[in-house]
Participant: 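Here it is, the structure, as structure tokens.
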Amino acid sequence: MNDTRILLKLTGEAFLNKENKLDNSLIKAIAAQLKELQHSNKFGLVVGGGNFFRGSIQGKKLGLIPSNAHYIGMLATIMNGIIIKNIFDSMQLNSVLFCALNCPEVADQINQDKIDQALQENKIVIFTGGTGNPFFSTDTNALLRAL
Ligand code: UDP
């Protein structure tokens with residue numbers, strides 16, 4: 001086992017097929033690759049939500065208060081996280097779902113000790129909920145979680 005830590009960012013569009021409909025085939029293909037590589041690397045995965053909602057696009061269309069719209073976008077990342085975790089579980093790929101927003105029924109609160117423990121146990125760490133703050137993107141979150 002080498003201890004290289006790799007952070008992947010998965011845009012919400014990875015959950016869509018060519019017809020823009022929800023589809024799990026790309027996620028399953030990524031899961032299969034992670035399963036092979038998991039023995040030699042430790043993975044973190046930052047999940048986007050743009051397939052469901054982007055605050056600055058759909059929020060504007062609906063005339064929402066911007067901060068509310070961005071929270072919907074962050075909630076979208078949690079939905080994708082649940083989908084990924086479910087697919088990983090079904091493929092016997094060990095992972096832990098973390099969320100920057102409190103959502104204890106479905107994900108653990110972000111906690112460095114818990115993240116380190118999960119990585120030590122060779123589990124894939126899935127980050128959802130973005131940074132937990134409106135007006136950011138999950139690309140910013142990828143940088144934050146990589147650090
Ligand atoms: N978002 C946010 N704060 C964050 C991360 C995301 O407010 O820290 C919101 C923002 O509205 C964004 C949406 O969540 O448009 C979905 O994230 P993103 O657009 O980055 O998803 P992706 O493009 O990767 O699918």
Side-chain angles (χ1 to χ4, degrees), residues 4-38 41-91 93-120 122-147:
T4 307
R5 290 182 171 192
I6 298 171
L7 193 283
L8 299 173
K9 156 73 205 288
L10 209 56
T11 170
E13 272 150 54
F15 295 81
L16 299 176
N17 63 18
K18 283 185 187 141
E19 287 79 44
N20 264 0
K21 303 263 185 245
L22 275 178
D23 190 284
N24 65 12
S25 45
L26 183 57
I27 306 298
K28 279 187 164 175
I30 291 168
Q33 291 179 53
L34 288 174
K35 205 168 176 180
E36 282 198 25
L37 295 170
Q38 197 188 22
N41 301 280
K42 295 176 185 295
F43 287 97
L45 190 59
V46 166
V47 185
N51 52 320
F52 287 126
F53 205 92
R54 286 194 175 102
S56 56
I57 299 174
Q58 282 89 352
K60 236 177 228 164
K61 277 190 193 151
L62 294 173
L64 300 181
I65 292 168
S67 57
N68 286 343
H70 288 299
Y71 275 108
I72 298 172
M74 287 186 268
L75 292 171
T77 72
I78 305 173
M79 294 197 283
N80 282 335
I82 296 170
I83 295 172
I84 289 187
K85 175 85 170 76
N86 198 140
I87 291 171
F88 284 3
D89 288 350
S90 72
M91 295 172 71
L93 190 59
N94 290 330
S95 64
V96 183
L97 189 61
F98 285 99
C99 186
L101 300 170
N102 279 337
C103 209
E105 284 81 2
V106 292
D108 284 351
Q109 201 175 2
I110 300 225
N111 171 294
Q112 190 64 53
D113 286 343
K114 281 191 179 173
I115 292 168
D116 288 338
Q117 190 186 337
L119 289 170
Q120 215 160 17
N122 216 24
K123 293 177 177 163
I124 294 173
V125 174
I126 307 168
F127 293 106
T128 66
T131 62
N133 298 291
F135 303 103
F136 288 95
S137 77
T138 51
D139 289 349
T140 311
N141 191 40
L143 190 61
L144 192 64
R145 301 306 164 206
L147 291 170

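Basis for what follows: all heavy atoms, side chains included, without hydrogens, waters or symmetry-related copies. In each ligand, atom 1 is the first atom listed, and ligand 1 is the first ligand listed.
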Participant: Answer with side chain, backbone, both or neither: which part of Thr11 has a heavy atom less than 4.0 angstrom from an atom of ligand 1?
Facilitator: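 Under 4.0 Å from ligand 1, Thr11 contributes backbone and side-chain atoms.
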Participant: Please state whether Asn133 comes within less than 4.0 angstrom of ligand 1, counting heavy atoms only.
Facilitator: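 Contact check Asn133 vs ligand 1: positive.
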Participant: What is the minimum heavy-atom distance between Thr138 and Lys9, and which atoms define it?
Facilitator: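 Heavy atoms only, the tightest pair is OG1-NZ, 3.0 Å.
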Participant: So between Phe52, Phe53, Phe15, Phe136, whose heavy atom ends up nearest atom 6 (C) of ligand 1?
Facilitator: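 Heavy atom nearest to atom 6 (C) of ligand 1 belongs to Phe136.
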Participant: Which protein heavy atom lies closest to atom 9 (C) of ligand 1, and at what distance to 0.1 Å?
Facilitator: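 Residue, atom and distance for the closest contact: His70 O, 3.5 Å.
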Participant: Of all the heavy-atom pairs spanning Ala69 and Phe53, show the shortest one and how long it is.
Facilitator: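 Heavy-atom minimum between the residues: O-CE2, 3.5 Å.
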Participant: With a 4.0 Å heavy-atom cut-off (strictly under), which part of Ile57 contacts ligand 1: side chain, backbone, both or neither?
Facilitator: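 The answer is neither.
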Participant: Just to confirm my output: which protein heavy-atom neighbour is closest to atom 19 (O) of ligand 1, and how far is it?
Facilitator: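 Ranking protein heavy atoms by distance from atom 19 (O) of ligand 1, first comes Arg54 NE, 3.2 Å.
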Participant: Give a yes or no answer on whether the side chain of Lys114 reaches the backbone of Asp108 with a donor-acceptor pair at less than 3.5 Å.
Facilitator: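 Checked: no pair found.
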Participant: Tell me the protein heavy atom at minimum distance from atom 20 (O) of ligand 1, and give that distance in Å.
Facilitator: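 Result for atom 20 (O) of ligand 1: Thr138 OG1, 2.5 Å.
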Participant: Would you mind running through ligand 1 and noting each atom that sits below 4.0 Å from a heavy atom of Thr131?
Facilitator: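 Counting atoms of ligand 1 from 1, those under 4.0 Å from Thr131 are 4 (C), 8 (O).
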Participant: How far is atom 5 (C) of ligand 1 from the closest protein heavy atom, and which atom is that?
Facilitator: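 In this structure, atom 5 (C) of ligand 1 has Ser137 C, 3.5 Å as its nearest protein heavy atom.
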Participant: When you look at Asn141 and Phe136, which way does the side-chain contact (heavy atoms from CB on, under 4.5 Å) test go after all the steps?
Facilitator: CA-CA 8 Å; Asn141 191 40; Phe136 288 95; over 6 Å; no
Participant: Just jot down the ligand 1 atoms closer than 4.0 angstrom to any heavy atom of Lys9, in number order.
Facilitator: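 Those atoms are 24 (O).
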Participant: Should you measure from each heavy atom of Gly48, which atoms of ligand 1 turn up under 4.0 Å away?
Facilitator: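 With Gly48 as reference, the close atoms of ligand 1 come out as 21 (O), 22 (P), 24 (O), 25 (O).
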Participant: Take Phe88 and Leu45 through the side-chain contact (heavy atoms from CB on, under 4.5 Å) test and state the conclusion after the steps.
Facilitator: CA-CA 12 Å; Phe88 284 3; Leu45 190 59; 3.8 Å; yes
Participant: Between Thr128 (side chain only) and Phe98 (backbone N and O only), is there a donor and an acceptor less than 3.5 Å apart?
Facilitator: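 Checked: pair present.
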Participant: I need the atoms of ligand 1 closer than 4.0 Å to a non-hydrogen atom of Phe135, numbered in the order shown.
Facilitator: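 Checking each atom against Phe135, I get 7 (O).
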Participant: Please determine whether any non-hydrogen atom of Ala76 lies less than 4.0 Å from an atom of ligand 1.
Facilitator: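 So Ala76 does not count as touching ligand 1.
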Participant: Mark up the atoms of ligand 1 that fall under 4.0 Å of a heavy atom belonging to Gly130, in ascending order.
Facilitator: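 So the answer, numbered in order with elements, is 4 (C), 5 (C), 8 (O).
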Participant: Verify, without hydrogens or angle tests, whether Gln58 (side chain) and Arg54 (backbone) share a donor-acceptor contact under 3.5 angstrom.
Facilitator: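 Pair found, side chain donor or acceptor close to backbone of Arg54.
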Participant: Pick out which of Leu144, Leu97, Thr77, Ile110 makes a side-chain contact (heavy atoms from CB on, under 4.5 Å) with Phe127.
Facilitator: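 Between Phe127 and the candidates, side-chain contact (heavy atoms from CB on, under 4.5 Å) is satisfied uniquely by Ile110.
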Participant: For atom 13 (C) of ligand 1, what is the closest protein heavy atom, and at what distance to 0.1 Å?
Facilitator: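 So the nearest neighbour among protein heavy atoms is Gly73 CA, 3.5 Å.
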Participant: Main chain of Gln109, side chain of Asn102: is a donor-acceptor contact present, judged purely on distance under 3.5 Å?
Facilitator: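 Pair absent, no side-chain N/O of Asn102 close to backbone of Gln109.
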Participant: List every atom of ligand 1 that sits less than 4.0 Å from any heavy atom of Pro134, numbering the atoms from 1 in the order shown and giving each element.
Facilitator: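 The atoms of ligand 1 under 4.0 Å from a heavy atom of Pro134 are 7 (O).
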Participant: Using a strict cut-off of 4.0 Å, indicate which atoms of ligand 1 neighbour a heavy atom of Gly49.
Facilitator: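 In order of numbering, the contacting atoms are 16 (C), 17 (O), 21 (O), 22 (P), 25 (O).
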Participant: Asn51 side chain to Ala14 main-chain N or O, any donor-acceptor pair under 3.5 Å?
Facilitator: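 Absent.
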Participant: Side chains of Asp116 and Gln120: do they bring a donor and an acceptor to under 3.5 Å?
Facilitator: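 Asp116 vs Gln120: no donor-acceptor pair found between side chains.
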